A.B. asks: 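My structure is below; once you've seen it, I'll send some questions.
Because the structure is predicted, anything quoted here is derived from the model rather than measured.
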Amino acid sequence: MLNPVRRKERVRAQSLFSQKSGQWCVSGAERHAAEVSRPLFLALSLYLEQGGTALKPELFVAISFCSAFAAGCLAVFFAPTVFVVPAALLGGMFPLSWLEARVTARAGKFSRDYPSVLLAAASSIKAGMTATAALERAVVLLPGDSLVRREVEQLLAALHRGERKESALQRFGRSIRQADLELFREAFALALENGGRFAPTLERLARVCRDREVLIRSAEVCTATMRMTANVLLAVSPLIVLMISVRTNGYWELFFQHPTANFIASLGIAVIICSYALLRRMSSFKP
């Protein structure tokens, strides 16, 4: 007599082997593709939300492919064939670079007000107010377009409507890329459920956020001269080429018709573009 577990396994095996092999393989492949693509689209959707855009993941992927196709077509007409694939890759990375800049800018805007709100809430809690009342009081003086005020008001509105604390807290700061927001969610959930001393936790979080902002600003100040010099050098190179082309007869005919000249010029353009992208990558201090 088979036990219930073995009986279920036997029934499942019989149902699998009773199907046609081709149908089983296709359904398994489709299921695996769906399981792989779903987390990727969820991550891309969160990334777009953190950038403050209303684009759908499918539309953003289509824009990236169009950008890559346009860059590849330009490389086909103006550069040797070996530069087509790198140009297409750089073109596809352009929307991602734009989105990354928006994500970093929104995170920096959020971080400017976030430590002050935490310290103000901690002071109100020490004075005897509840955690929700302290947060509501802390954002009163912030401007209406402040991201911190918007997130706090959405959180308090969800709690006042009677939503589950876990779901309401999970949405807090979802559109902001900041690592220590998860610590705030967990600490606030514990304070709502069990009470305890919430003010010292807020003060420590505010200190961590402020130290991180000071570090980012210090790094930007220390590298400002280097970034300015690199930008000037990268901008001077095309200007020198344009000056030479104006003073040289048949420069552009030689550029487009002679294979060696076209290859060297395309290589120089690729070096300038890659150097500019590398400079932006190295000087991007994320919050």
A.B. asks: Any side chain to side chain donor-acceptor pair (under 3.5 Å) involving residues 54-77? Give me the pairs, sequence neighbours left out, ordered by first then second residue.
C.D. replies: none
A.B. asks: Do we see a donor-acceptor contact under 3.5 Å between the side chains of T104 and R177?
C.D. replies: yes
A.B. asks: Exactly one of E151, Q50, E49 should register a side chain to side chain donor-acceptor pair (under 3.5 Å) with S175. Which one does?
C.D. replies: E151
A.B. asks: Counting only heavy atoms from other residues, nucleotides and ligands, does the tally under 6.0 Å from CG of L141 exceed 12?
C.D. replies: no
A.B. asks: If we ignore hydrogens and angles and just use 3.5 Å, is the side chain of N262 paired with the main-chain N or O of F78 as donor and acceptor?
C.D. replies: yes
A.B. asks: Could you list who else is in V84's hydrophobic cluster, with ILVMFWY side chains joined at under 4.5 Å, directly or through other members?
C.D. replies: V76
A.B. asks: Going by an N to O cut-off under 4.0 Å, is there a salt bridge joining E213 and R210?
C.D. replies: no
A.B. asks: For L155 and A168, work out which heavy atoms get closest and say how close.
C.D. replies: CD1-O, 3.6 Å
A.B. asks: Tell me the closest heavy-atom pair linking A158 and R171, and the distance in Å.
C.D. replies: CB-NH2, 3.6 Å
A.B. asks: Classify the ring geometry of F110 against F172: parallel below 30°, tilted from 30° to 60°, perpendicular beyond 60°.
C.D. replies: perpendicular
A.B. asks: So, for R174 and Q170, which heavy atoms are closest and what is the spacing to 0.1 Å?
C.D. replies: CB-O, 4.2 Å
A.B. asks: Please examine the side chains of S123 and K126, heavy atoms only from C-beta on, and report whether any two atoms are closer than 4.5 Å.
C.D. replies: no
A.B. asks: Using every non-hydrogen atom in the two residues, find where A87 and A71 come nearest and quote the distance to one decimal.
C.D. replies: O-CB, 3.2 Å
A.B. asks: Of the non-hydrogen atoms in I125 and A134, which two are nearest, and what is the gap between them?
C.D. replies: CG1-CB, 3.6 Å
A.B. asks: Distance-only, no hydrogens or angles: does the S97 side chain make a donor-acceptor pair with backbone N or O of M93 under 3.5 Å?
C.D. replies: no
A.B. asks: For S111 and Q178, work out which heavy atoms get closest and say how close.
C.D. replies: OG-OE1, 3.1 Å
